[in-house]
2 protein chains.
Amino acid sequence: MTTLTPATAADRTGVSIDTLRYYEKEGLIGPIRRSAGGRREYTEDDVFWIGLVTCFRDAGLGIADLREFVAILRSDHTPRDRVVFLRERRSAMEQRVAALHRAMGVLDEKIAYYS
Amino acid sequence: MTTLTPATAADRTGVSIDTLRYYEKEGLIGPIRRSAGGRREYTEDDVFWIGLVTCFRDAGLGIADLREFVAILRSDHTPRDRVVFLRERRSAMEQRVAALHRAMGVLDEKIAYYS
DNA sequence: CTCGGATCTGGAGCGCGCTCCAGGTCAAGG
DNA sequence: CCTTGACCTGGAGCGCGCTCCAGATCCGAG
């Protein structure tokens, strides 16, 4: 199975090497497998997961949120627990969307005023 | 015309006194009028503007964005300049909404999976 | 075998957005 | 007056999320 060097993984995910190591240290990804010499070897699965993390980071989730996300999905939680957690996150995101819409409304007013 | 003390203004806007002073120092609000003794006296207009600032902060705009926002709306820019700026901000917000929707989509998948 | 570029680790540094603190001033009640 | 509490200023401190650095190690090309 082919694996990716840190540089390639960084390139493919758009996340810097430093940030990849930071995410791994914080438990958001990995642990990433190592070669005999100690270098990281990213699998396609790792890349996929990094994509998910990036997606959530872009949506404004913090590192602690994501750590919790990983913990909930990986460890021994009931499906119910997971659904509860996921719904909470979803609801927080809805509120962020609502805040954005409010601000966009204000912008629209101003735009209309100056047009 | 009745004015508000810092504590009252903080209470009414939900923004802490320290943050109000910080916003003023950064040029996001005010300058706030002072009493003979040097204390701040917030007008209803100030409170309204603080509400706008809060709305944009909640939508994720940074301090620098807001400073620019104030500058654009207050100083000698053409309506065209203002509209260009406002549309840029709006478009950035739309992208944030899109990022949120992507993440919510992922969450929905997981929720469906565990339900 | 040697060289150079990629990677490793631990830790320092940084920009943002507050938040807190010390030391002093103002003003209303007693 | 004097006390008390809200407020003032300048500046330090903090949590977050990276980002950068030094010094060592690995490894493929020549």
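Chain A is the first sequence line, chain B the second, and so forth, proteins listed ahead of strands; every chain is numbered from 1. Computed from a predicted model, the values in this text were never measured in an experiment. What you see below is based on every heavy atom in this structure, not just the backbone, and it leaves out hydrogens, waters and symmetry mates.
- A 4.5 Å side-chain heavy-atom check between B:L86 and B:F69 finds at least one atom pair inside the cut-off.
- Counting only distance, with no hydrogens or angles, the side chain of B:D58 and the backbone of B:C55 share no donor-acceptor pair below 3.5 Å.
- Side-chain contact between A:R39 and A:T5 is absent, with no heavy-atom pair separated by less than 4.5 Å.
- One can find a donor-acceptor pair under 3.5 Å joining the base of D:dA6 and the side-chain atoms of B:R39.
- A straight line from CD of B:E41 to P of D:dC8 spans 10 Å, rounded to a whole angstrom.
- Residue B:L66 contributes atom CG, which lies 14 Å from atom P of C:dC16 at whole-angstrom precision.
- Within 4.0 Å of B:R21, counting heavy atoms only, lies at least one base atom of the nucleic acid.
- A:R34 has no side-chain polar atom (N or O) that falls below the 4.0 Å cut-off from OP1 or OP2 of D:dT25.
- Atom-to-atom, CG of B:L20 to P of C:dG17 comes out at 16 Å; the value is rounded to the nearest Å.
- Distance OH (A:Y42) to C1' (C:dC8): 11 Å, rounded to an integer number of Å.
- In this structure, B:R67 atom CZ and C:dC18 atom P are separated by 12 Å, rounded to whole Å.
- Heavy-atom distances to DNA chain C give each of B:L61 and B:D18 a nearest nucleotide, and the one nearer the 5′ end belongs to B:L61.
- For B:T5, a side-chain nitrogen or oxygen approaches OP1 or OP2 of D:dC7 to under 4.0 Å.
- As rounded to whole Å, 13 Å separates atom P of D:dC16 from atom CG of A:L28.
- Listed nucleotides D:dC7, D:dC27, D:dC18 differ in distance to A:S35; the shortest reach to its side chain belongs to D:dC27.
- Of the candidates D:dC7, C:dG17, C:dC20, the closest approach to any side-chain atom of B:I17 belongs to D:dC7.
- Rounding to whole angstrom units, NZ of residue A:K25 and P of D:dT19 are separated by 13 Å.
- Across the protein-nucleic acid pair, A:I50 atom CD1 and D:dC18 atom C1' stand 16 Å apart, rounded to whole Å.
- Checking D:dG17, D:dC27, C:dC8 against every side-chain atom of A:R57, the shortest atom distance belongs to D:dG17.
- The main-chain N or O of B:I32 is found under 3.5 Å from a side-chain atom of B:E24 such that the two form a donor-acceptor pair.
- Distances shown here put a side-chain N or O of A:T19 below 4.0 Å from the OP1 or OP2 atom of D:dT19.
- The 5' end of DNA chain D is approached more closely, in terms of each residue's nearest nucleotide, by A:Y23 than by the other of A:Y23 and A:G38.
- Side-chain atoms of A:D11 and A:T8 include no donor-acceptor pair closer than 3.5 Å.
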